[in-house]
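To find a chain, count down the sequence lines: A is the first, B the second, and so on, and within it residues start at 1.
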Amino acid sequence: MRELLSGNEAFARGAFEAGVTVAAGYPGTPSTEILEHLVAYKDHVYCEWAPNEKVALEVAAGACLTGARCLVTMKHVGLNVAADALMTLSYVGAVGGIVIVVADDPGMHSSQNEQDSRHFARFGKVPMLEPSDSQEAKEFVRLGLEISEQFRVPVLLRTSTRISHSRGLVELGERTPPPREVKFEKDPPRFVAIPMWARQMRVAIEKRQAELQQYVETSGVNRIEWAGRDLGIVTHSTAYQYVKEAFPEASVLKLGMSYPFPDAMFREFAGGVKRVLVVEELDDIFEEHIKSLGIACDGRNIVPGIGELTPMRLAEIRARVQRDEGVSPSCPAGILPASASGTGSSSSGGHAGGTHNAGETPAPRVTDLPARPPVLCPGCSHRGVYYALGQHDVVVTGDIGCYSLGVLKPLSRMDTILCMGAGVSMAHGMQKAGEKRKVVGIVGDSTFFHSGITGLLDIVFNRGASTIIVVDNRTTAMTGHQDNPGTGRTLMGESTHATSIEAVARACGVRRVRTVDPYDIPATLAAITEELDADEPSVIVFVAPCVLQGKKLLGPRRAIAADECKACGLCLRLGCPAIEGSGKGVKPVMNALLCNGCGMCQQICRFGAVKNEEVSQ
Amino acid sequence: MSGKTETTSVVLVGVGGQGILLASEVVARAAMHAGFDVKTNEVHGMAQRGGSVIAQIRYGRQVFSPLVPEGEASVLGSLERIEALRYTSYLRPGGLAVVSSQAIVPVTVSSGQATYPADARERLAAAYANLRYVEAEELARRAGTVRAANMVVVGAMSRALDLPAEAWRAAIEQSVAEKHVAMNVQAFEFGRAAT
């Protein structure tokens, strides 16, 4: 039976079919839906959201040592958090198979950077698989588990936004778990990484690397698709799909396992074609290695390394290959002059909108449209906090989550974003450096549990005086409403202890802790003013459930009475998508379809012009 | 580029939260029911929070890329008036553009950083030779819920897609909750009949 599955659904299906019994992760676009789909098989697979990626990997590491097959999921920046565990798990190795799905985000659709996780495979000396569509996404989970068990190694499974969030047809199979008893067999020299044993593990890794090298050449996970011999393209992941369409005449070496590198296959492939082109997304990892083998190839000189590859970029690459025909093959590896074909991340001569389509061209791009970036939802509880912060001349160190949208106009109340938890710690750093203004750190509930607590401990421990705001919307909102230690519910759907942020803050040693309703604008204004004045650490927890999750109106929909509105524009400073303005001095209009009835605009209007709408719908 | 003629490409655009994912799923499932290989791509995460979004669907005998090369979409559907202008480069010359008349004012306009084009309709007519401008909200309301404006647009798009009526019906049944099927089918039919 074939089913239309996203890459993330296919990873989940693959884990189910391959007999995974333990899965852990932390939400992060584009990886989140894997566990959300896997938990549909909760009678067979234990699934959990861990407080952060490092914990998730450690949970799975423990489980895999009992012989259980395990899956871990995270986004690329999450692997940075989990890297400490990964680096030594590579030494300790696996018993039951352990596959770590890491989702890169080339082009930064929903991320703060676009790091290339392939580096971690080499860094940790662990194999990496890279599916190129949903069918492979499913198959590679099982393959990864088998490799993990055969070579006693954690396996990285790298996906990307376009793999995870593209759908394709997938052949479904049965669940066929390997027969095995869950039991941890004690063996300290194997599982205890103290120096004297770690040194032995270090030697064993090199032996394993050699065996994996052999495997990658012969297993069939990498394949050569011979076609024309003038051009051979080395590629991987979603780029493979674009290559197949843009270069139907070329031979292709498709890397399903991108580490260790298949040296013999690189040599065989290069020997069979006149010219080698490496089409890889983000960093030039294959290209560097191929050149280190003494093989001449084109790559970064033609293929952009910033942002994601797309069919349009492949069309540009094709045009450049055709123009450069005969230039590169004679160039020795590694010394291709940058000027040979022009370097840089985009083609010269503007956008290639119509270059490939001789004759009629599509309509030109319209460039003067108003931008439409993502915004805080109508009725979002974060809005009141930013509005209140806007009354003070403070520095706001922000964090990762929906509330990062508070940086945009007209709220404009966030000054930094670095990584999970940094909203708390950076506030402390700025204050200790002597920043003259008050510094406020802002962090969400899930992010607080992920890595805000340690920053808060630091503030108390080292006698800081920052004000930390926790915008607690009772869920992990940005990634689509996942539970976290504060929500009182597990991924398995069981009720559990709801950890109190206020209690955690007090336990850290913060004396000034208070909880405020962010929809109450006067209370929000007062709380922020008072805590900013305090000369000691303080925490304000603004609690209100995410408006998207409730799906109910927060109150009556509002309307703006045109005869009472003075067009002062104050309500527009909330940046609510439901309040539509069209210029200075023009009275704003309420979009009744969008209003969620939070009433913040009613609270700030000085003329009483915002009324309760009587009729709904 | 050769080898592309047998793949049909479709794009759906609009504002995050308008139901683009569901619309995309219906098109993809209809193609699947008709026996084609199908790939889609959708936007999740941050962009869904009221931002400009695009979903892409491709079907044919064998589909490689889930992304639509610009200038190759046979049909473009837009759930919002000016979002259709943002993605003009995707439609192939002569392709069908179905545009909902709905206007959602971006916060960039409300906060005075930009203006919402008053001449959107004229600009659409200039950009798209084959334009179907539909009152999707109104038709959806008549079908029973304004939320089904996405199905009205899909219905209008279906006129230019060579997929059988049963495939569309099966796709809608598979994609929406049972109690909403009738309303969504009605909205689809209103869209298909709209001129």
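Pairing each heavy atom of A/E580 with each of B/A103, the nearest pair is OE2-O, 4.4 Å. Listed here is the closest heavy atom pair of B/I82 and A/P370: CD1-CG, 3.7 Å. Nearest heavy atom pair, residue A/G581 against residue B/V105, reads O-CG1, 4.0 Å.
In this structure, B/L67 and A/Q241 have side chains that are not in contact, with every pair of non-hydrogen atoms separated by 4.5 Å or more. Within the 4.5 Å cutoff, the side chain of A/E245 has heavy atoms near those of the B/R58 side chain. Within the 4.5 Å cutoff, the side chain of A/L405 has heavy atoms near those of the B/R49 side chain. Residues B/V38 and A/R167 form no side-chain contact, since every pair of their non-hydrogen atoms from C-beta on lies 4.5 Å or further apart. Side-chain atoms of B/V107 and A/P410, non-hydrogen and from C-beta on, do get closer than 4.5 Å to each other. Looking at B/M32 and A/L169, their side chains come closer than 4.5 Å, going by heavy atoms from C-beta outward. Within the 4.5 Å cutoff, the side chain of A/L593 has heavy atoms near those of the B/Q102 side chain. The shortest distance between side-chain heavy atoms of B/R86 and A/V366 does not fall below 4.5 Å.
The backbone N or O of A/Y242 lies less than 3.5 Å from no partner atom in the side chain of B/S65, so there is not a single donor-acceptor pair. Between the side chain of A/S166 and the main chain of B/P66, no donor-acceptor pair closer than 3.5 Å is present. The backbone N or O of A/P373 lies less than 3.5 Å from no partner atom in the side chain of B/S52, so there is not a single donor-acceptor pair.
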Derivation and outcome, side chain to side chain contact (heavy atoms under 4.5 Å, CB included), residues B/T108 and A/K409:
CA-CA 7 Å; B/T108 52; A/K409 285 182 182 173; over 6 Å; no

For A/L4 and B/R29: C-alpha separation, side-chain torsions, deciding distance, then whether side chain to side chain contact (heavy atoms under 4.5 Å, CB included) applies.
CA-CA 8 Å; A/L4 186 66; B/R29 289 201 180 276; 4.1 Å; yes

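The distance from the OG1 atom of A/T238 to the CZ atom of B/F64 is 12.5 Å, given to the nearest 0.5 Å. For the atom pair CG of A/N591 and OG of B/S110, the computed distance is 10.0 Å after rounding to the nearest 0.5 Å. In this structure, B/Y90 OH and A/M312 CE are separated by 8.5 Å, a value rounded to the nearest 0.5 Å.
Chain B forms the most heavy-atom pairs under 4.5 Å with one residue out of A/R573, A/K244, A/K584, A/R2, and that residue is A/K244. Residue with the most contacts toward chain A among B/I104, B/D37, B/L85, B/N41: B/N41 (heavy-atom pairs, distance under 4.5 Å).
Heavy atoms of B/Y59 lying under 4.5 Å from chain A are absent altogether. Heavy atoms closer than 4.5 Å to chain B are found nowhere in A/C380, neither backbone nor side chain. Looking at A/L408, neither its backbone nor its side chain comes within 4.5 Å of chain B, counting heavy atoms on both sides. In this structure, no portion of A/P30 lies under 4.5 Å from any heavy atom of chain B. Neither the backbone nor the side chain of B/Q18 comes within contact range of chain A; no heavy atom of the residue lies under 4.5 Å from a heavy atom of that chain.
For B/E178, the CD atom is loosely surrounded, since the number of other residues' heavy atoms within 6.0 Å does not exceed 12. When the shell of 6.0 Å around CG of B/D162 is examined, it contains 12 or fewer heavy atoms from other residues, nucleotides or ligands. Other residues, nucleotides and ligands place no more than 12 heavy atoms under 6.0 Å from the CZ atom of B/R169.
The pair A/R162-B/E42 fails the salt-bridge criterion, with no side-chain N (NZ, NE, NH1 or NH2) lying under 4.0 Å from an Asp/Glu carboxylate O.
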